[in-house]
Every structure is written in C-alpha cells, then in structure tokens.
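So you know, we letter chains A, B, ... as the sequences are listed, proteins then strands, and number each from 1. None of the values given here were measured: they were computed from a predicted structure.
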Amino acid sequence: MTENQNNVLVKADHIKVYFKGKNKKSGTVKAVDDISLEIMEGETFGVVGESGCGKSTFGRTLVRLQKPTSGKVFLDGEDTADLKGKKLKEMCRKGQIIFQDPSACLNPRRTIRQILMEPFEIHNMKKEVDVDARILELLQLVGLDEYHLSRYPHELSGGQKQRVGIARALALSPKLIVCDEAVSALDVSVQAQVLNLLQELKEKLHLTYFFISHNLNVVYQVSDRVAVMYLGKIVELAPYDSLYEHRYHPYTEALLSAIPQVDENGQTERIRLEGEVPSPSNPPSGCHFHTRCTKVCERCKTEAPDLREVSPGHLVACHLYDR
Amino acid sequence: MQAEKVLEIRDLCVDFKTAEGVVHAINHLSYDLHKGEKLGIVGESGSGKSVSSLGIMQLIPNPPGQIVGGSILYRGKDLVKATEKDMQGIRGNEISMIFQEPMTSLNPIIKCGRQIAEALILHRGMKKKDAMEEAVRMMQAVGIANPEARANEYPHQMSGGMRQRVMIAAALACQPQILIADEPTTALDVTIQAQILDLIKDLNEQMGASVIFITHDLGVVRQLCDTVIVMYTGKIVEQAPVQELFTEPKHPYTIGLLNAIPKITKDRPPLETIEGMVPNPLERIEGCSFWPRCPYATERCKKEIPSMTDISDTRKVRCFRYGDGQETA
C-alpha cells in the first residue's frame, strides 16, 4: 500500500472555509478552520468525525465544489482556486466525488445509460471516446450488467445504485475520488461488497481516495492514513497502524470507545463524553474540545494547541503532548 | 431464571398488498419477551424487523398491510383481536414505542413538556398542572439539564440527542411494561448514541420495563441486549443469548453478517462478504430463503424449508446444518 507514495497529488495549504450568517447575531460558522495537509498519489486518506465537524465541507473543497474562504488547494500540482471556464472543467476531470445517498444523487427520470453518458456530454468527449464501449467497460468494473443500462434508478437496489454512482465518478478516469459517506446508507452485507469493490478499483486504476465517514471502523478498514476532525480542525492524524497502537488525543480515544464493537477484544474501555458537540458558530475558546475533555487543564481553555508530531507520521493537537 | 412472559408472539403473519402482488413481510414469526428482558432484533432492510414491532402496537398501515394470521398475547390478551379502543388504552400506557427520527415523531408546534404530559393526562387522568410537574421530573430522569426551562421549548430548539431523550421521557411517562425502540440511535452521532444506550440501560434497570430493541447494528445489540433475534426475509433465522451469538454464531447468515462488519484489528484482513443481495420481497424462493446466498447450500435447502430447531435450552436456529431441521411446531 505504500509503494507509490512519492508524488503529492493533493496539497491543501491553510484551508479555511467560513460560512457567514445572515446577520451579526447568527455569527460565522468556521466549517474548516486552517487545515493543511498533503495526500500522496495512490493513498487512501480517511477522515472521521461527528456531524458538523467539517469533514464533508473539506472534501468538497478538494474538488472545488466549495471555494475556500482563504488558503489554496493544489490538485496534481495546479492551484484550483482561480481556475475558470475551460481550465476549471479540465480540472474537474481529475477530481470526482461519490455521495452518501445513492437515490438522491441519481436523476430518477433518466436511465442508467443516460446517467453514465452525462460526464462525456458535459466534457464534449463523445467524439474522441467510444462512449458506448467505455460505458460497458465501466459497468463491468463496478460489477453491473449490460441489462442495467435501460433501467431507471428506482429499479435498482441501494447497493446497485451506489455502484452506478461509482461508475459515474470513474467515467472520466479521475485521479482523485472523494468518497463522502459513500457506504453509510448501505446495509452491512452490501457495505462490505462496496468497500471491497472500492479497494479493488483503487488497485486496478491507481486511484487516490479521500474517504469521509462518521464510522471509524469503516475508515480504519480502508485508509492508509486517518485524520480525526473536531469542529473544523484536525485533532489527530496518523497512519492506520500507528493509530491502532496509540491514540493520543482524548477525543479520538473517546470516539473509539463510544463505537459498539462486535468483537470483544475490539471494545476499549468506555470514556463517557458529557454533553454534545458545541455549535460551530460559537466554538469554545482555546482547544475546541476542552468543554468535553476528560483531561482538561487550565491552559486548554485559553490556548489552542498546534498539530505536532509525537511519533513518526503521527500528529496530534493536544497540550498533553507538548514538550 | 426464566422470568414471567410479558409478550408471546405466535405464528404472526403480515402481508402487504402492492400493485405488483402480495408481499409476505412477516412469515410465521414466534418469540417470547420476558419481564425485564432486553431483546434485540437485528436484520437488514426489508427483513421485517420494524413491521413486527408495528404489529405489536397494531400500527401497521391498513391498507396495504394486514395481519393475516397468528396471535400476539400480552398478559393473556390477544392484541390482534383487540378493538381500537382497547389498543388506545395500551399504546403509550402499557406498551410504548420510540422511533428513529425524533423530529418526525414529535409535534413541531407543541412544547416538549406538554408532549410528555399528554400521555399522563390521557392515561392517568392527571390534572394538567400535576402532569406538567411529572413531565419535568421525567425530563430530569432522562438526563435533560435544566428541565423546567427545557419543558417550555419546542422540538426544533433542541439537538437530535435531546429530542430523542424527550421521546424516551414521553414513552416512559406512564411506566409501561414494554418499551419498543425502533432504531432509536441510528440518526445520532456515536458519542450521543453511547449516551442514549446508557440511558435505556439505566431506565430498564430502574423501572423494570422489558425492551425490544430493533437495529441493523450488531455492535449496539452486543452492548445493550440480553437476547438477540436475527431476522431474514420476514423469518427468524437465529435466536441466542447475546454473548453466545457473538462468540459462536450458528446460522450462515449470522456468520456472514458478523464477518462483513469492519473491525479494528492490527492486520486488517479484507472483508468477507455475503454474495448476492437480499431477494426482492415479491420473488418467492423455494426452500430456505437464504440458499441463493449461502455457501453451505445443499439440494435439500433448495426444496424444503427448515424449521426453527432448538439446539440448546436458550438457542434456536433455522438451518439444516444443525439438528435434523425437522418440523417441530
């Protein structure tokens, strides 16, 4: 999994995405608050966090579905922020996204053939590419039959619809695919099939994934590196094996312990988190997590911790590990 | 150890009439619920787990759904034959239910406190003032901070976790014998889910109400329940005490489900999957409904339907691989 980790595919440089409220009173939501990271080619980069932590907004920013308030995103070496028109369209070919609810992101009035045709129409590629052959190839890749082409989305099961979503994302041979909760709406037996499919495709087509989920188990299963987000910030970032050995941030530890595991050995001792995630429009001072943290100290309330390396490749934002 | 049975379901069958034909959502479902027991019902979408609980409450939308056979005995009374008036006295009073999305099951234009008090006024004949006081006490019991002020708020002013607590408070206000929880934590974040599971566990111990917990998440069942029922295509395929189901699953479907869940282990083996998918409910499968996906399927599985077989005092499984699978009932 670590062979071709030489090229940086995505570089996020101090990304901030702020959403302004209607008036002063409603305040500004800092959905993504100053995140910098690099994603290597061929890597699966996983992000976990609870609702409202900014993980989806961040993923959308990477493929420019969302413009950052400040900061820069480089996709394949190209600054995506100021791209317009033709250039922007070309960039879109490199980064695609798969969404959570497969029923909501497929047009119910179009057949699967029409849905899969659309990327080629938008990019005026019907002349250069043998579209029919390509669509058949895509279907084969995701494990669907030719027979599905004339069906409408409602005639397919959830898992099949998600496969159509994947095929559509693959249509223009992208380099980066953002999977935004791509398996969350599926039943466990189907979820496992789709996860295995994504893994298979990654190896076959040399893809890079940015994998977003609220389910730490799923993220852990597929990712090379995992980032844990809380209120717009990354609190811990680690290679999966390092994360298995050590979880440094109290939030990561609490999040893991809150997940009901099916095997007894996997269940860590329960850490009770009181209360709920504070409103992102008015986050707590200092370390955002201090209001729920079990290991809080005075310093946490005033000073925000930086992301620091505590062991090779393993970064944590917590004052406990300041030396 | 066997406590008294509060609920006995026997051979329950529920059909849904659709334009394409009749769907047998529930096929000869039988189980018992004991006093104080926490029973988990697990299954994937379309397995009939929710319909079975709606059946207990006589809330199956008719048409298109209809109970076509069997009985639900609650304290010697058959709920299938009960009149609507009888059921109104039972719902929310003796048997209560909480649902997945608390926003859609709470009335958005009525204050939370009143929604809890409503059950008390209706079933206990309390005066409005007393009921409101009791509602505030219930809100405190389910862990809502500052309940006096919160009782005067509308559902939209609360977070998802808080709304689910209000639902639980309303469901438990009359101290029911049975609490049916239909995916109550599915829409919540894991840390909030953990809080709600703790709450249900505590209330079960304090009030002694039996709990039927319906979920697709086997992890949640392992944490909360005493007994587990695994459903597939409207039938129970396995029933076992919670620990045994996880250490020693018997039915191929249960084994497949457990293997399909990603686990946090050091070496991360690839996930094992169950081939194929849940069959279309309109399609009728000869023999055991799981055979098209089962790695152990034999010729016999394709022709005969296996029956629930006792493999120990507490465990039952519907598969020819265990016991002789002969019709026992």
Bottom line for A:Ser157: the part with an atom under 4.5 Å from chain B's heavy atoms is side chain

Here the pair of heavy atoms bringing A:Ala192 nearest to B:Ala260 is CB-O, 3.6 Å

With chain A, the option among B:Ile261, B:Leu188, B:Asp198 that has the most non-hydrogen atom pairs under 4.5 Å is B:Asp198

Within the structure provided, determine whether A:Glu245 and B:Lys266 are in side-chain contact (heavy-atom separation under 4.5 Å). yes

Per-residue tally against chain A (heavy atom, under 4.5 Å) across B:Gly143, B:Pro270, B:Gly256, B:Ser159 peaks at B:Ser159

Residue from B:Ala194, B:Pro269, B:Ala145 scoring the most non-hydrogen pairs under 4.5 Å with chain A is B:Ala194

Please check this pair: side chain of B:Arg268 against backbone of A:Ser223, looking for a donor-acceptor N/O pair closer than 3.5 Å. yes

The interface call for B:Glu275 against chain A, heavy-atom contacts under 4.5 Å, is backbone

Discussion item. Before you tell me yes or no, could you show the steps for A:Gln199 and B:Leu271 under side chain to side chain contact (heavy atoms under 4.5 Å, CB included), namely the whole-Å CA-CA distance, both residues' side-chain angles and the distance that decides it to 0.1 Å?
Written reply: CA-CA 10 Å; A:Gln199 203 75 15; B:Leu271 290 175; over 6 Å; no

Bottom line for B:Asn259: the part with an atom under 4.5 Å from chain A's heavy atoms is neither

Under 4.5 Å to a heavy atom of chain B? For A:Asp263 that would be both

Applying a strict 4.5 Å limit to non-hydrogen atoms, the region of B:Gln243 in contact with chain A is side chain

Residues A:Glu50 and B:Asp189: closest non-hydrogen pair is OE2-CB, 3.1 Å

Honestly, the part of A:Leu273 sitting under 4.5 Å from a heavy atom of chain B is both

Among residues 211-226 of chain B, residues within the sub-4.5 Å heavy-atom range of chain A, in order of number, are B:Leu218, B:Gly219, B:Val220, B:Arg222, B:Gln223

